[in-house]
There are 4 protein chains.
Amino acid sequence: MIRVGIVGYGYWGPNLARAVSETEAFGLAMIADMSAAARERAGRRHPGVTLTADWRELIADPDVDAVIVATPVHTHFEIARAALKAGKHVLVEKPMTDSPVTSSILVEEAARRSLVLMVDHTFVYTGAVRTISNLIAQGELGEVYYYDSTRVNLGLFQRDVNVIWDLAVHDFAIMDHLLKADPIAVSASGACFVPNSPENMAHLSVFFDDGSMAHLNVNWLAPVKIRQTLIGGSRRMVIYDDMQTSEKVKIYDRGVLPSDPAAPSYEHLVSYRIGDMSAPAISSKEALLTEFEEFARCIQTGAAPLTDGQCGLRVVEMLSAATRSMTLRGHPIELTAERLAS
Amino acid sequence: MIRVGIVGYGYWGPNLARAVSETEAFGLAMIADMSAAARERAGRRHPGVTLTADWRELIADPDVDAVIVATPVHTHFEIARAALKAGKHVLVEKPMTDSPVTSSILVEEAARRSLVLMVDHTFVYTGAVRTISNLIAQGELGEVYYYDSTRVNLGLFQRDVNVIWDLAVHDFAIMDHLLKADPIAVSASGACFVPNSPENMAHLSVFFDDGSMAHLNVNWLAPVKIRQTLIGGSRRMVIYDDMQTSEKVKIYDRGVLPSDPAAPSYEHLVSYRIGDMSAPAISSKEALLTEFEEFARCIQTGAAPLTDGQCGLRVVEMLSAATRSMTLRGHPIELTAERLAS
Amino acid sequence: MIRVGIVGYGYWGPNLARAVSETEAFGLAMIADMSAAARERAGRRHPGVTLTADWRELIADPDVDAVIVATPVHTHFEIARAALKAGKHVLVEKPMTDSPVTSSILVEEAARRSLVLMVDHTFVYTGAVRTISNLIAQGELGEVYYYDSTRVNLGLFQRDVNVIWDLAVHDFAIMDHLLKADPIAVSASGACFVPNSPENMAHLSVFFDDGSMAHLNVNWLAPVKIRQTLIGGSRRMVIYDDMQTSEKVKIYDRGVLPSDPAAPSYEHLVSYRIGDMSAPAISSKEALLTEFEEFARCIQTGAAPLTDGQCGLRVVEMLSAATRSMTLRGHPIELTAERLAS
Amino acid sequence: MIRVGIVGYGYWGPNLARAVSETEAFGLAMIADMSAAARERAGRRHPGVTLTADWRELIADPDVDAVIVATPVHTHFEIARAALKAGKHVLVEKPMTDSPVTSSILVEEAARRSLVLMVDHTFVYTGAVRTISNLIAQGELGEVYYYDSTRVNLGLFQRDVNVIWDLAVHDFAIMDHLLKADPIAVSASGACFVPNSPENMAHLSVFFDDGSMAHLNVNWLAPVKIRQTLIGGSRRMVIYDDMQTSEKVKIYDRGVLPSDPAAPSYEHLVSYRIGDMSAPAISSKEALLTEFEEFARCIQTGAAPLTDGQCGLRVVEMLSAATRSMTLRGHPIELTAERLAS
């Protein structure tokens with residue numbers, strides 16, 4: 001059994017602790033949180049678990065094999081690096097760190113020590129994204145033209161990160177998993193309507209090396225919650241609506257064909273293909289459990305996780321470049337340049 | 001009675017002809033179209049109307065008081081200018097022309113001759129936009145933070161304009177009407193997935209002088225038709241969904257308030273206000289008829305129409321700047337510079 | 001060419017006249033309406049057509065081959081019978097007549113003279129119902145268990161018929177077409193909330209000889225328009241939502257299987273099958289045109305139309321029995337008894 | 001503190017136990033379940049609680065002040081009566097018992113001993129029903145014309161009760177709370193499509209003494225989950241859609257007015273009022289907690305609960321009459337007669 005320690009028992013920590021205790025390969029050994037109230041809550045829910053106020057103690061404990069880091073973003077790097085140096089496998093909350101430089105260091109540290117470094121890109125493990133991933137792998141969508149996502153709601157305003165690091169991170173993680181093309185540049189714009197708060201609204205365009213595009217619309221100040229992604233392909237198009245309780249993924253057999261250029265100017269330039277729609281049954285297994293099984297499997301076999309440190313680094317590079325573009329009103333940031341600069 | 005001539009009886013022309021004949025102040029006098037088939041169709045529907053293949057003939061006819069120009073965009077300027085020079089009042093299809101320079105010339109020409117120059121920004125005359133306009137004027141939304149619109153569907157691919165000139169034009173017209181702030185810069189990105197076709201997908205961000213923002217998502221290659229606009233204000237927020245048959249405009253009494261900065265870091269930075277939603281009854285009068293009444297009223301009184309030539313020019317400036325930014329991968333275009341350059 | 005006369009140019013007549021003129025096999029010869037205003041409207045829209053105030057004149061005219069009866073329900077019988085006696089083929093608006101007795105007489109009259117007698121059950125000719133019909137015929141749904149329809153909206157209150165004769169008639173026509181089992185009894189309840197008006201709300205249950213059931217919920221006093229039908233089968237289930245612009249017909253691969261009777265009492269009695277959903281592309285051809293082609297084909301070939309007089313009679317029997325049950329607060333009416341009684 | 005014992009730790013029991021432990025006025029003292037596995041689950045979740053296989057032991061325990069009965073329906077009567085006789089306050093799962101006779105006996109027993117007898121009609125305590133209840137009480141809907149509910153989904157098939165006792169019970173409880181008129185008769189029809197299972201589909205009409213009506217559509221074999229209730233009033237109409245995460249209750253300012261009887265026969269009989277729609281913000285407090293606070297308050301004050309035994313009895317009378325009508329294919333059952341017969 002892999003003995004797991006969790007650092008941070010705030011908003012997401014209780015959920016992680018529960019999922020650890022429900023994962024067969026895991027045993028929940030220890031929880032660290034600076035807050036006495038948080039430790040008390042943890043103790044009531046998980047009577048047998050060791051509690052500590054000091055994450056260094058958790059990391060130093062020989063009874064802990066793997067560490068899950070669920071603290072505020074700016075602390076990820078220090079804790080994760082210390083855990084790796086102490087020889088622990090590490091799963092970090094998303095985003096992995098708050099800069100490409102620190103993410104790179106974690107990736108190197110894990111590689112040097114042959115430890116598993118994984119990022120909690122939960123959406124990649126959902127039934128919906130698994131389904132879309134299979135569709136693309138099997139060529140059902142044809143060539144992927146675009147990924148266009150709207151991820152808006154009222155709140156939760158974050159203290160230490162802007163809306164890109166909070167919401168767009170989900171789409172970057174999904175895109176990193178689904179899309180085979182390489183992103184080459186990003187243009188982003190955003191605004192802040194609440195004083196002394198990070199940007200709460202942003203729009204991002206990502207350009208890929210094969211001519212495809214991605215677009216993200218993220219907003220903490222929308223009247224309703226929307227989680228809708230359109231994926232356009234040459235053969236089929238997908239609508240992934242995470243707010244639906246059923247039919248989250250709809251596949252449309254629709255598209256265009258170039259048509260007769262001699263047609264009158266007010267007529268269509270192309271002809272349309274309007275075929276069936278289908279909504280596949282989707283696994284309702286909790287994504288976090290699938291993810292923890294992946295973490296356990298990789299610890300046991302030495303395999304690289306689906307959302308490994310490299311993946312976490314690529315996502316942080318996107319977040320960093322997008323934030324920089326946002327300060328320049330959409331001025332495009334080349335990702336290679338960004339990578340070298342970091 | 002104002003005797004109206006229509007130039008162009010293609011896709012939209014029959015609708016204009018019908019609406020002219022249903023407008024009390026108007027008489028449909030003449031229709032011009034190069035295509036014999038189009039003239040035949042027009043003749044069958046409107047037996048008493050004079051038909052001609054040559055728009056110059058229509059413009060020269062002393063029996064025509066006002067001209068509606070419904071030809072391909074690149075011909076608007078020549079026809080509208082000739083009509084104004086012939087002393088006719090002019091209503092031009094959107095977009096007014098294909099460049100700010102030509103739009104400016106039309107505006108000046110109309111002013112010099114004290115003729116009405118109006119642009120067919122139909123959406124401004126819909127019950128939904130009238131309702132939102134009143135809400136904003138009465139301060140119901142408070143300070144307007146953002147306008148965020150998704151206008152996507154499958155087709156109609158245009159031959160001579162890209163998706164910005166075809167779809168974003170609607171939002172620019174609505175924004176020009178609703179928003180009091182001045183746009184200062186635009187950043188746009190786009191792509192084309194159909195060979196030998198103009199860009200079919202674009203995302204635009206518009207920056208305003210008061211810190212507010214607009215964002216437009218337009219696409220000819222989406223699996224379903226979406227016409228959804230979110231408008232965020234300090235007091236209330238609106239969702240305008242034009243695909244709904246009822247409840248097109250929903251007003252949400254929702255927003256945020258800055259909260260205690262001493263709260264734990266995983267808690268909210270702000271507090272939320274979640275009040276009622278309401279969907280006002282909306283006039284179902286056809287927008288085109290309201291618009292034609294406005295055209296007639298302005299011809300009779302010399303008043304400036306709600307969507308006059310100045311408004312058409314501002315929209316064309318936005319379209320032009322957005323298209324330029326799109327070729328530069330989102331590099332922001334300052335609108336004052338753009339205006340001077342034109 | 002079949003020369004068609006239309007009796008009644010009120011609410012639905014203009015639509016019929018237009019569709020006749022768009023049907024290749026038809027020529028619109030004559031229109032009869034008592035109202036001078038209606039005749040004037042008809043004359044403006046159809047300049048070459050003969051107009052008369054007296055339907056008897058239309059029926060007597062040797063230039064008319066087929067008559068469409070679009071007058072108030074209580075006049076259908078007299079006009080249709082006279083038309084048949086004059087040797088004309090007849091298409092009657094739904095419901096065919098206001099009683100099974102008169103409907104029977106029409107059926108016999110048409111049979112005796114080898115004339116086509118058809119009822120305007122328009123929904124049977126829609127792309128959606130054609131699609132469902134094919135699914136059932138191909139066994140895709142398995143054994144059909146139930147047909148459950150909600151058809152409610154605000155208005156149109158009718159003067160001479162209750163809500164059953166106005167709205168349930170659509171479902172009876174669809175059911176008559178789709179379901180192979182024979183209805184054996186009907187139980188209906190209803191109420192009237194507007195003084196001096198026929199019943200405006202009713203709920204009907206129909207029992208079939210194979211144990212399947214139908215249920216109809218019809219209401220003129222609902223806040224929104226709902227047109228939703230659930231069809232349950234042993235292999236698949238269908239939702240037909242006529243208010244959707246796309247995806248009108250959704251097919252669910254869902255159902256139940258009896259499970260282990262030894263399971264604890266709070267557990268499921270059956271196990272569930274939750275498979276994919278699919279929404280086939282549906283023909284958008286106007287139903288009325290399909291229907292008129294069927295009318296023309298049957299006149300030319302002597303074939304029995306899909307919605308012939310027998311079908312119209314069966315529907316009227318259902319309407320009549322349901323109305324009787326409604327006056328008895330749901331007391332079930334046996335349909336054989338009803339048939340004998342008539 | 002009121003010491004609470006729970007009998008039955010199956011499907012719903014764990015939820016009740018959690019809610020008891022979250023209710024300040026309650027202490028969870030004891031749990032009884034015949035199943036060793038259920039007791040083990042209970043023990044793990046609630047370490048300090050006494051467990052027993054024998055509900056008689058729980059009832060006999062002087063440390064228990066109030067008993068919650070969450071066992072299969074046919075056992076409710078025996079357990080609840082024993083608990084009352086032992087001087088305990090009792091909360092019974094819905095439906096209270098499986099017959100009006102036994103329900104009556106419980107009501108009398110509780111009255112004789114001045115004990116609180118309450119039924120777990122949870123929906124009555126939801127924010128949505130509270131909101132509708134206030135609307136009706138304040139006259140916002142005017143005279144209530146009808147209550148029309150669709151409550152269908154796939155499963156859960158029950159072993160010992162038909163779909164009426166499982167699903168219609170919710171609507172009867174809500175109606176009993178919302179509607180002031182007295183039900184006088186019920187007509188129901190239903191069918192069973194799964195061998196050896198109770199009826200899985202039923203449609204019920206309820207007639208009230210003031211001419212208003214209710215209609216329930218319940219089904220365990222529907223492809224999707226629908227929880228939609230239309231409530232029609234003379235002043236306003238409501239749609240209550242429990243599947244919506246927000247906007248569960250929509251209020252429509254719509255209705256009809258009788259109009260000119262001299263209008264042409266194809267025109268409306270009435271005129272329509274189409275006003276605004278509004279969706280009030282609704283409390284998201286868990287209904288079970290509100291309900292338990294009500295239970296505690298009544299135990300402490302001797303007040304009658306909102307959903308007391310009388311209410312439970314009335315609901316069981318409806319369920320019983322509806323089931324009887326169902327066996328008679330909709331033959332209406334008079335409720336007074338039913339009451340006397342029982």
Side-chain angles (χ1 to χ4, degrees), chain C residues 10-12 35 72 145-146 148 150 152 154-160 185 187-191 193-197 201 203 205 207 211-213 215 217 219 221-224 230 232 234 237-239 250 252 254-256 258 264-270 272 274 277 325 328-332, chain D residues 10-12 35 72 145-146 148 150 152 154-160 185 187 189-191 193-197 201 203 205 207 211-213 215 217 219-224 230 232 234 237-239 250 252 254-256 258 264-270 272 274 277 325 328-332:
Chain C
Y11 174 71
W12 190 237
S35 148
Y145 289 151
Y146 65 83
D148 185 352
T150 302
V152 305
L154 189 59
L156 313 174
F157 276 69
Q158 302 288 314
R159 186 176 301 278
D160 65 342
S187 165
S189 53
F193 306 120
V194 177
N196 305 317
S197 156
M201 175 178 182
H203 308 108
S205 293
F207 305 89
S212 64
M213 266 197 84
H215 171 252
N217 179 344
N219 191 348
L221 196 63
V224 294
L230 276 63
S234 55
M237 297 194 263
V238 162
I239 296 185
K250 292 183 175 178
Y252 292 86
R254 296 186 182 170
V256 294
S265 66
Y266 59 88
E267 289 191 3
H268 309 165
L269 188 63
V270 297
Y272 300 92
I274 310 265
M277 182 271 271
S325 176
L328 301 168
R329 282 199 171 151
H331 184 93
Chain D
Y11 175 70
W12 191 238
S35 149
Y145 289 151
Y146 65 82
D148 185 352
T150 303
V152 306
L154 190 58
L156 313 173
F157 275 68
Q158 302 287 316
R159 185 175 300 278
D160 64 343
S187 165
S189 53
F193 306 121
V194 176
N196 304 319
S197 154
M201 174 179 183
H203 308 106
S205 293
F207 305 89
S212 64
M213 266 197 83
H215 172 251
N217 180 344
N219 191 348
W220 284 331
L221 196 63
V224 294
L230 276 63
S234 57
M237 297 194 264
V238 162
I239 297 185
K250 292 182 174 178
Y252 292 85
R254 295 188 182 169
V256 295
S265 66
Y266 60 88
E267 291 190 1
H268 310 164
L269 186 63
V270 295
Y272 301 92
I274 311 264
M277 181 271 271
S325 176
L328 301 169
R329 280 197 173 154
H331 184 92

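Sequence lines set the chain letters: A, B, ... in the order given, protein chains first and strands last, and positions in each chain run from 1.
Note: D:P223 leads D:P223, D:P332, D:S187, D:G330 in heavy-atom pairs under 4.5 Å with chain C. With chain D as partner, the option from C:V224, C:L154, C:L230 having the largest number of non-hydrogen pairs under 4.5 angstrom is C:L154. Chain C forms the most heavy-atom pairs under 4.5 Å with one residue out of D:R254, D:M213, D:H215, D:M237, and that residue is D:H215.
Interatomic distance, OG of D:S212 versus CZ of C:F193, reported as 7.0 Å (0.5 Å rounding). Atoms OG and NE2, on D:S325 and C:H331 in that order, are 11.0 Å from each other to the nearest 0.5 Å.
In summary, the side chains of D:D148 and C:N219 do not present any donor paired with an acceptor at a separation below 3.5 Å, with no hydrogens or angles considered.
Looking at D:F207, only its side chain comes within 4.5 Å of chain C, counting heavy atoms on both sides. At a 4.5 Å heavy-atom cutoff, the contact between C:A185 and chain D is made by side-chain atoms alone. If you measure heavy-atom distances from D:L221 to chain C, the contacts under 4.5 Å come from both the backbone and the side chain. For a residue to count as touching a neighbouring chain, one of its non-hydrogen atoms must lie under 4.5 Å from one of that chain's; by this rule D:I274 touches chain C with the side chain only. Only the side chain of D:I239 has a heavy atom closer than 4.5 Å to any heavy atom of chain C.
In this structure a side-chain-to-backbone donor-acceptor pair under 3.5 Å is missing from D:Y146 to C:M201.
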